[in-house]
2 protein chains.
Amino acid sequence: MRDVAAAVGVSVKTVSNVVNATGQVNEATVRAVRAAVEKLGYRPNPLARGLNSRTTDTVALALPGLGYGYCAPLAAAVFDLAEAEGISVVMEPTGGDRERELEVLRNRGGLSDGVLLMPTALTARDLKDPPSPGPTVLLGSRRVESPFDSVASQDTVAAEAAVRLLLGRGASRVVLLGGERKAGGDSAAAVRTDGYRHALTAAGRKFDPSLVVETPRSFRDDGYAAIARLLTPLPGGETPFDAVLALEEPLAHGALHALREAGRDVPGRVQVVAFGNDEDAEYSWPSLTTVQADVRTMARRALDLLTARVREGARPRSHVEVPLTIIERESTFSYA
Amino acid sequence: MRDVAAAVGVSVKTVSNVVNATGQVNEATVRAVRAAVEKLGYRPNPLARGLNSRTTDTVALALPGLGYGYCAPLAAAVFDLAEAEGISVVMEPTGGDRERELEVLRNRGGLSDGVLLMPTALTARDLKDPPSPGPTVLLGSRRVESPFDSVASQDTVAAEAAVRLLLGRGASRVVLLGGERKAGGDSAAAVRTDGYRHALTAAGRKFDPSLVVETPRSFRDDGYAAIARLLTPLPGGETPFDAVLALEEPLAHGALHALREAGRDVPGRVQVVAFGNDEDAEYSWPSLTTVQADVRTMARRALDLLTARVREGARPRSHVEVPLTIIERESTFSYA
DNA sequence: CTGAAAGCGCTTACAG
DNA sequence: CTGAAAGCGCTTACAG
């Protein structure tokens with residue numbers, strides 16, 4: 001910048017003014033400076049700029065990992081939207097590890113202005129009384145209480161809608177694959193399980209705990225094993241359920257596999273719905289009816305909340321809820 | 001930092017020395033400083049540090065998008081490996097746009113020490129004579145000539161192996177779905193098409209251009225349309241090919257759909273292999289034999305190359321080639 | 001082993 | 001409309 005100033009014969013201040021469109025500058029001077037900038041290939045140093053202005057136009061995106069739930073499409077949406085506003089995003093993979101999630105909160109993502117965090121391992125306490133309440137927006141499916149702004153997908157409502165859909169299409173015994181038996185949790189699984197219960201209650205059906213199947217993880221094999229086990233005592237015969245709501249998409253693919261192997265037609269004998277945002281849902285056979293998060297809207301709101309927080313500092317806490325959408329495909333009956 | 005220095009009663013320099021483990025410091029002083037750091041919750045400002053040391057421990061990752069080829073798993077690998085070394089990575093989505101790719105090269109990713117770029121729209125000229133040869137590592141499937149270090153997946157070799165596999169399993173007419181008819185290109189499609197030709201030549205078969213099917217894009221629908229068109233003139237009858245090598249995985253899923261619809265058994269009548277790193281390959285029916293890039297190794301080598309380049313500046317250019325792996329699944333005959 | 005000074009490349013008041 | 005000075009929070013020679 002000093003070189004540019006020298007070349008034009010003005011002070012650094014003036015160059016700074018031109019580059020940042022700050023203050024008033026004579027039009028001729030502007031042109032001269034612009035020309036010199038071009039000629040010398042000058043690029044402002046973002047570090048020096050940030051050191052003063054205390055703002056780097058960078059946000060940290062702390063996700064457990066790209067393979068987790070709808071993280072991949074959510075991250076893609078954040079990258080896109082941020083890029084459009086000239087904001088850089090630095091990835092902060094937490095691996096679903098509490099220590100790393102805490103570290104994100106403490107360290108505020110290094111050189112970023114704020115952080116977008118999807119908490120997974122953080123306890124309710126951690127969130128309620130966090131180490132440092134810097135500009136932070138929580139996002140995800142969890143139900144949390146904290147001093148931070150947040151953007152949550154309405155998983156309870158969506159799960160309820162999914163079960164209602166299944167009941168409406170004739171199902172009466174819906175397996176909740178990957179659900180959480182114990183009530184009162186705040187994880188994505190717990191939140192969705194609540195919706196499952198609500199739907200049954202609202203429909204006047206009774207809740208059968210044996211239909212809530214917990215799985216060690218949410219991989220395809222877990223879904224396969226769980227459904228295969230339910231069918232084992234009844235080779236070819238009875239099917240103790242007529243629908244499956246899988247709380248993570250890979251579980252559903254495993255379930256489809258187990259059902260196919262056991263000769264249970266989908267959706268004829270068993271209808272299947274899954275939470276998921278992957279394209280896989282279209283590729284499977286039959287294609288899968290899914291409940292998908294509106295990641296684009298979530299990214300949009302989260303980014304807006306964060307930039308507002310960075311700009312304004314003290315401002316009332318916002319909590320945004322974003323609905324999910326049910327995409328009907330071949331694994332459920334079409335509404336007759 | 002000044003506060004810490006004041007609290008302990010030493011100079012900033014000493015605090016700096018302790019924090020960075022630079023120079024020699026009295027052990028008692030070290031302890032005192034550490035205590036004060038802890039007590040005051042001091043965190044070094046990475047901007048100020050970077051302004052001096054001219055290094056931010058940040059790299060930019062410029063990819064066309066998470067949905068493109070093996071970008072998603074590659075990005076995940078880069079995030080993981082970088083995190084393990086305390087390097088931050090800022091995403092720079094280019095959208096496969098030449099201007100944005102050029103911008104990455106010019107601007108060197110803002111506050112990052114260097115950039116990992118997967119060029120897609122950049123021309124051979126752009127790469128040969130780039131705007132600014134800062135620390136940069138090119139990565140991807142393209143065959144490029146440039147002053148930069150690079151990490152390339154050996155797509156030609158892999159395509160050749162895939163065709164050899166098909167021929168070895170009895171195929172004689174292999175459709176190349178998403179191939180590039182025109183020779184001499186340097187895109188991923190062109191590079192893979194070369195392998196296809198090589199394999200045929202090596203096996204003494206003749207190259208039939210009608211089997212090279214170009215597709216407007218690489219989506220599922222493109223694959224579906226292309227294969228459906230090939231089968232249209234022959235309803236239920238002849239099948240003018242007995243294998244498909246799809247150059248992008250979605251194309252293969254579309255192809256499977258078209259084949260299923262036309263009643264052509266896979267792999268009985270037609271065997272299918274696809275380039276791809278997605279888990280979708282396992283979920284489809286039948287599951288898909290794929291050629292997958294070793295993204296972890298690519299990420300590892302690219303990061304190593306970049307940090308070496310950042311550290312050393314002038315050093316001979318490195319070009320690393322990483323092999324791909326064929327994962328056999330149900331869409332091809334098992335080797336009898 | 002430790003300190004005082006200069007400086008990284010910008011921006012922010014403060015003058016004019 | 002423009003400039004000279006101070007300063008952002010560190011590190012880098014240079015002394016001692």
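All heavy atoms count here, side chains included; hydrogens, waters and symmetry mates do not. Order of the sequence lines sets the chain letters (A, B, ...), proteins ahead of strands, with each chain counted from 1.
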Taking all non-hydrogen atoms of both residues, which atom of [X] and which atom of [Y] are closest, and how far apart?
{"X": "A:D155", "Y": "A:L324", "result": "N-CD1, 3.8 Å"}
{"X": "B:A75", "Y": "B:L66", "result": "CB-CD1, 4.0 Å"}
{"X": "A:V295", "Y": "A:A77", "result": "O-CB, 4.0 Å"}
{"X": "B:V78", "Y": "B:L116", "result": "CG1-CD2, 4.1 Å"}

- Is B:T14 near enough to C:dC1 that one of its side-chain N or O atoms lies under 4.0 angstrom from OP1 or OP2?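 So the side chain of B:T14 is outside the cut-off, no N or O lying under 4.0 Å from OP1 or OP2 of C:dC1.
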
- Base, backbone or nothing for each nucleotide of nucleotides 11-16 of chain D, written B, S, -, heavy atoms under 4.0 angstrom, 5' to 3'? BBB---

- Item | Secondary-structure stems for DNA chain D, with pairs counted as Watson-Crick or G-U when both distances are under 3.5 Å and runs at least 3 long |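 Detected stem regions: C:1-3 with D:14-16, C:5-12 with D:5-12, C:14-16 with D:1-3.
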
Protein-nucleotide distance ([X], atom [atom1]; [N], atom [atom2]), rounded to Å:
{"X": "B:N45", "N": "D:dG7", "atom1": "CG", "atom2": "P", "answer": "18 Å"}
{"X": "A:L111", "N": "D:dG9", "atom1": "CG", "atom2": "P", "answer": "15 Å"}
{"X": "A:R54", "N": "C:dG9", "atom1": "CZ", "atom2": "C1'", "answer": "15 Å"}
{"X": "B:R43", "N": "D:dC8", "atom1": "CZ", "atom2": "P", "answer": "22 Å"}
{"X": "B:R2", "N": "C:dA5", "atom1": "CZ", "atom2": "P", "answer": "15 Å"}
{"X": "A:L47", "N": "D:dC10", "atom1": "CG", "atom2": "C1'", "answer": "12 Å"}

- Message: Side chains of A:V115 and A:E92, heavy atoms from C-beta outward: is any pair under 4.5 Å?
- Response: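 Not touching, per the 4.5 Å side-chain cut-off.
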
- Is the closest side-chain heavy-atom distance between A:T58 and B:V90 below 4.5 Å?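 Counting from C-beta outward, A:T58 and B:V90 never come under 4.5 Å.
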
- Using a distance-only test with no angle check, is there a side-chain donor-acceptor pair under 3.5 angstrom linking A:D126 and A:T123?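 Their side chains do contain a donor-acceptor pair, which is all the 3.5 Å distance test asks for.
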
- Item | Sidechain N-carboxylate O distance under 4.0 Å for A:E103, B:R43 |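 Salt bridge: yes.
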
- Message: Please determine whether a side-chain nitrogen of the Lys or Arg among B:R34 and B:E38 lies less than 4.0 Å from a carboxylate oxygen of the Asp or Glu.
- Response: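 Not counted as a salt bridge, because no side-chain N and carboxylate O are separated by less than 4.0 Å.
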
- Message: If you only use heavy atoms from C-beta on, which nucleotide in D:dG3, C:dG9, D:dT2 is closest to the side chain of A:V25?
- Response: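 For the A:V25 side chain, the nearest candidate turns out to be D:dT2.
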
- Query: Given C:dA4, D:dC8, D:dC1, which nucleotide is nearest the side-chain atoms of A:N26?
  - Reply: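 So the nucleotide nearest the side chain must be D:dC1.
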
